[in-house]
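Hydrogens, waters and symmetry mates play no part in the numbers below; they use all other heavy atoms, side chains included. All chains are named by letter (A, B, ...) in the order of the sequence lines, taking the proteins before the strands, and each is independently numbered beginning at 1.
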Amino acid sequence: MRDLAAAAIRSYMKEIGLAEDLSTLLPKGIRLEFPKKEGFGEISTPVAMHLAPLLKLPPRKIAESLRQELMDASLFQSIEIAGPGYLNFIFSEQSIRDALLKALDETSDPVIPEDSKRKILLEFVSANPTGPLHVGHGRGAAYGDALSRILKAVGHEVKTEYYINDAGNQMEMLGRSTCLAWRKLIREVPQKEEEAFLKGGTPYKGDYIRDLARLILDTPGLLTEQEARNALDPLAPEDEYLGKFTEIAQSRIMEGIREDLRQFGVAFDTFFSEKDLHRPSEGPGTDAITLWIARIREASGRNEKGNVPDVFESEGALWLRTTLLGDDKDRVLLRSDGRLTYFAADIAYHAQKIQQGFDLLVDVWGADHHGYIPRMNAAIRTLSDLLDRPVEFRVALIQLVSLVRDGRPVSMSTRGGEFVTLREVLDEVGVDATRFSYLVRSHESSVEFDLNKAKERSMDNPVYYVQYAHARVRSLLRQAQSRGVEIPVVWKSADLEALSEPAERELVRILDRFSYVLNEASRSLEIHPLTEYLTDLAGHYHHFYFHHRILSQELHDKKIMVARIGLSVAVGRILKTGLGLLGISAPDVM
RNA sequence: GCGCCCGUAGCUCAGCUGGAUAGAGCAGUAGACUACGAAUCUAAAGGUCGGGGGUUCAAAUCCCUCCGGGCGCACCA
């Protein structure tokens, strides 16, 4: 219905010769709102006010001529002018019935697809395999997963990927931490030995490290006898055993992460290992990262667009001049000790994404990585020009989840070992409530997750409010069936003519908004509008259900009963679809 | 010091591509189960939109400034 109003306005503007420069006239398009308040129309637009300074006419006068032209009795019951120049549309009964029929049509998707379909690579979670997923990762997982579902629902091609940072110092430290814990299970470790072994680094702590050490000790064959002997001897060469600890720890942790994700209902199309980028293909210096640096180096200066910055040497290191592309300082690619930086690996990783033909790359990061955006922007522009492929890069920053337990903040640090795992929360609160809590707020604002509230008072969680509305619909249909009521398989306009209550009309208008909400969500990469929408829809259905009888035949005629069942079926369908997009179940009974 | 995010009802947060009387949930107050599921519904109450300037016909929304909170500013990942 929103589209009808927009189309009507657009065609009128075309008639008066404004259409061709509509986008310059109104660069933000025709704004259409869904007023919450009664008396402000079912759809309204301040477009006359926007046009006033351009046409040099009073807004109400413009509104009046728009009203005259737009009035089409088959679409609108009335169009009113209000306030400083609002156009408020009230739909015709036929428009309302048509909208409901659309929601009831099983043969068509309730979502209107986007005009331009894109090929999107959505990377999220990507937690380092140095410890189990905690509640912060959970938020990113819930967000990314829901986003991928929404993007697919509006017609985009989406691939989801988890980038495993399994190279670099942190993995060595994981191995050391595990080895140290293992030693401590066998014998006393003098402080001096511990300090020397850690080389000034901070070890990972926490139960999971001890569990890993215990597992290695208790599982025969994980270490060879020789490795075990060396690992106990501080004087033995570390190369002989440390890698083994790293390997075991990492693979077990990664298995745990995959299991957590599976339990959380989050599926990835691919897991991409950073190690693959470091692996030479045919001899020294033929790893992907080094090759990409060479390609950029070669292209810089010879590129017509001038968007490929140069690679230069300074202080014994190799740098990329990202300042040419908006970064505030140049960045190191190859350290003076000959090791590649994380940034260099990320360039190769994203180059590979672009080569696969994606035209939109979405990275979901923790908010503490925001300082990394300018250099990645520079990298993407570099690669885009180098490969001559236009590509858009967007980062969704997931703000912090701060935990509160017993009224006090819980600190979270993987290394300190003091954190609440996603698994713990899932076990106590459940998948549906956890996902809903994550998705009910904008990912851009930090959120307080009260563990006690989530655990002890879980029935107050709004997720049950929405699920209950769905269960109510199903229950109603079961009742109808047991009473032998005939429910149409294919709905026709005539089946719905008996609808006349304002509450019914309101529900149809909300149902009609579903597609619009999804389109907005997919463009803005925001999930919470959908969560709010579903809560709103559920609320209106509860209201309607409480105040209007549906099945008792003595109160009204059969036509009203059938029409209200139709309305309920449509509500149930949209609730189920919407919850599904959030990765939340829509139970038939609760 | 520089940069990013945030400050809205007692609490947790929507609204911020400028538009009508700033919204919801929770808590608290007062009510509704002989009727398709009360995990529901109804009503009232609750506000210097952090402070101050500015732009505008119109500012919670845009700009400046100050205050308060969080997070970044590596040849770590």
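- Atom CD of A:Q481 has 12 or fewer heavy atoms from other residues, nucleotides or ligands within 6.0 Å.
- More than 12 non-hydrogen atoms from other residues, nucleotides or ligands lie less than 6.0 angstrom from CG of A:D337.
- Within the nucleic acid shown, A:A167 comes within 4.0 Å of sugar-phosphate atoms alone, with no base atom in reach, counting heavy atoms only.
- Residues A:W319 and A:D310 form no side-chain contact, since every pair of their non-hydrogen atoms from C-beta on lies 4.5 Å or further apart.
- Contacts of A:Y545 with the nucleic acid, taken as non-hydrogen atoms under 4.0 Å apart, include base atoms.
- Looking only at side-chain heavy atoms (C-beta outward), A:F271 and A:M254 come within less than 4.5 Å of each other.
- Among the atoms of the strands shown, only primed sugar atoms or phosphate atoms (P, OP1, OP2) are found under 4.0 Å from some heavy atom of A:G371.
- Taking atom C1' in both B:rU17 and B:rA60, one finds a spacing of 15 Å when rounded to whole Å.
- You'll find the side chain of A:I347 reaches within 4.5 Å of the side chain of A:L333, heavy atoms only.
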Exercise. Determine, step by step, whether A:H543 and A:H540 satisfy the ring pair (Phe, Tyr, Trp, His ring centres under 6.0 Å) criterion, reporting the C-alpha distance in whole Å, the side-chain angles of both residues, the deciding distance to 0.1 Å, and the verdict.
Key: CA-CA 5 Å; A:H543 170 91; A:H540 278 86; 7.1 Å; no
For nucleotides 55-57 of chain B, which of its nitrogen or oxygen atoms have a protein nitrogen or oxygen under 3.5 Å away, and what is each distance?
none

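- Comparing B:rG46 with B:rG37, their C1' atoms are spaced 32 Å from each other, to the whole Å.
- Rounded to whole Å, the distance from CG on A:D328 to C1' on B:rC4 is 11 Å.
- The separation of B:rA20 from B:rA59, taken at their C1' atoms, amounts to 14 Å, rounded to a whole angstrom.
- Considering only side-chain atoms of A:Q399, the nucleotide from B:rG37, B:rC5, B:rC36 that sits closest is B:rC5.
- For the pair A:H50 NE2 and B:rU17 P, the computed distance is 12 Å after rounding to whole Å.
- Comparing B:rU48 with B:rG10, their P atoms sit 7 Å apart, to the nearest whole Å.
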Nucleotide N/O to protein N/O under 3.5 Å, stretch nucleotides 12-15 of chain B:
residue	atom	partner	partner atom	Å
B:rU12	O2	A:R441	NH2	3.1
B:rC13	OP1	A:S446	O	3.3
B:rC13	OP1	A:E448	N	2.9
B:rC13	O2'	A:R441	NE	2.9
B:rC13	O2'	A:R441	NH1	2.3
B:rA14	OP1	A:S445	OG	2.3
B:rA14	O3'	A:H528	NE2	3.3
B:rA14	O2'	A:E532	OE1	3.0
B:rA14	O2'	A:E532	OE2	2.3
B:rG15	OP1	A:H528	NE2	3.1

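- Side-chain N/O atoms of A:R474 include none lying less than 4.0 angstrom from OP1 or OP2 on B:rG37.
- Between A:H369 and B:rG72, a side-chain N or O to OP1/OP2 separation shorter than 4.0 Å is absent.
- From A:H50, atom NE2 reaches atom CD1 of A:I62 across 11.5 Å, with rounding to the nearest 0.5 Å.
- The listed nucleotides are B:rC71, B:rA20, B:rA77; the one nearest the side chain of A:D368 is B:rC71.
- Between A:Y372 and A:D346, the closest side-chain pair of non-hydrogen atoms falls below 4.5 Å.
- With rounding to whole Å, A:H370 atom NE2 is found 15 Å from B:rC2 atom P.
- Taking 3.5 Å as the limit, the base of B:rA20 and the side chain of A:N88 contain a donor-acceptor pair of atoms between them.
- Straight-line distance between the P atoms of B:rG54 and B:rC11: roughly 31 Å, to the nearest whole Å.
- The side chain of A:Y465 places an N or O atom within less than 4.0 Å of a non-bridging phosphate oxygen (OP1 or OP2) of B:rC41.
- Checked against B:rG37, B:rA77, B:rC41, the side chain of A:F546 finds its nearest nucleotide in B:rC41.
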Self-check item: A:Q467/A:D432 under side-chain hydrogen bond (donor to acceptor under 3.5 Å, both in side chains): CA gap, chis, key distance, verdict
Solution: CA-CA 10 Å; A:Q467 289 183 320; A:D432 287 344; 2.9 Å; yes
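- A:H470 comes within contact range of no nucleotide atom at all, as no heavy-atom separation falls under 4.0 Å.
- Relative to the side chain of A:R31, the nucleotides B:rG37, B:rU17, B:rU42 differ in distance, and B:rU17 lies closest.
- A:E532 and A:H528 share no donor-acceptor pair across their side chains, judged by distance under 3.5 Å alone.
- Relative to the side chain of A:S336, the nucleotides B:rU42, B:rC75, B:rC36 differ in distance, and B:rC75 lies closest.
- Between A:P203 and A:R176 there is no side-chain heavy-atom pair separated by less than 4.5 Å.
- Spacing of C1' atoms, B:rG15 relative to B:rU34, comes out at 44 Å, to the nearest Å.
- Annotation: cation-pi pair A:R321/A:F312 present, NZ/CZ under 6.0 Å from the ring centroid and within 45° of its normal.
- In the set B:rU42, B:rA39, B:rC75, B:rA39 carries the atom at the smallest distance from any side-chain atom of A:M590.
- For the C1' atom pair drawn from B:rC57 and B:rG52, the interatomic distance equals 24 Å after rounding to whole Å.
- Relative to the ring axis of A:Y533, A:R513 does not place its NZ or CZ within 45° and under 6.0 Å from the centre.
- When the C1' atom of B:rC26 is taken as reference, atom CZ of A:F436 falls 14 Å away, rounded to whole Å.
- Rounded to a whole Å, the CG atom of A:L537 is 17 Å from the P atom of B:rA24.
- Here the separation of B:rU65 from B:rG3, taken at their P atoms, is 10 Å to the nearest Å.
- Of the two residues near RNA chain B, A:R472 and A:N128, the one whose nearest nucleotide lies more 5' is A:R472.
- Protein atom CG of A:D327 is 19 Å distant from nucleotide atom P of B:rC2, rounded to whole Å.
- Annotation: side chain of A:P309 is not in contact with side chain of A:T322 (no heavy-atom distance under 4.5 Å).
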Quiz item: Dot-bracket for RNA chain B: what is it, with Watson-Crick or G-U pairs under 3.5 Å, [ ] where a pair crosses earlier ones, and | for a pair to another strand?
Solution: (((((((..((((.....[...))))..((((.......))))......(((((..]....))))))))))))....
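- Here the C1' atom of nucleotide B:rA22 and the CZ atom of A:F40 are 12 Å apart, to the nearest Å.
- For A:Q170 and A:N165, the side-chain atoms include no donor-acceptor pair closer than 3.5 Å.
- Ranking B:rU17, B:rC36, B:rC75 by closeness to the A:A317 side chain, first place goes to B:rC75.
- Put simply, the side chain of A:S44 and the base of B:rA20 share a donor and an acceptor less than 3.5 Å apart.
- Separating the CD atom of A:E172 from the C1' atom of B:rA77 is a distance of 14 Å, rounded to the nearest angstrom.
- Syn is the classification of B:rC33, since its glycosidic angle stays within 90° of 0.
- For B:rA39, the OP1/OP2 oxygens have no side-chain nitrogen or oxygen of A:Y464 closer than 4.0 Å.
- Nearest nucleotide to the side chain of A:Y342, out of B:rA35, B:rA77, B:rG37: B:rA77.
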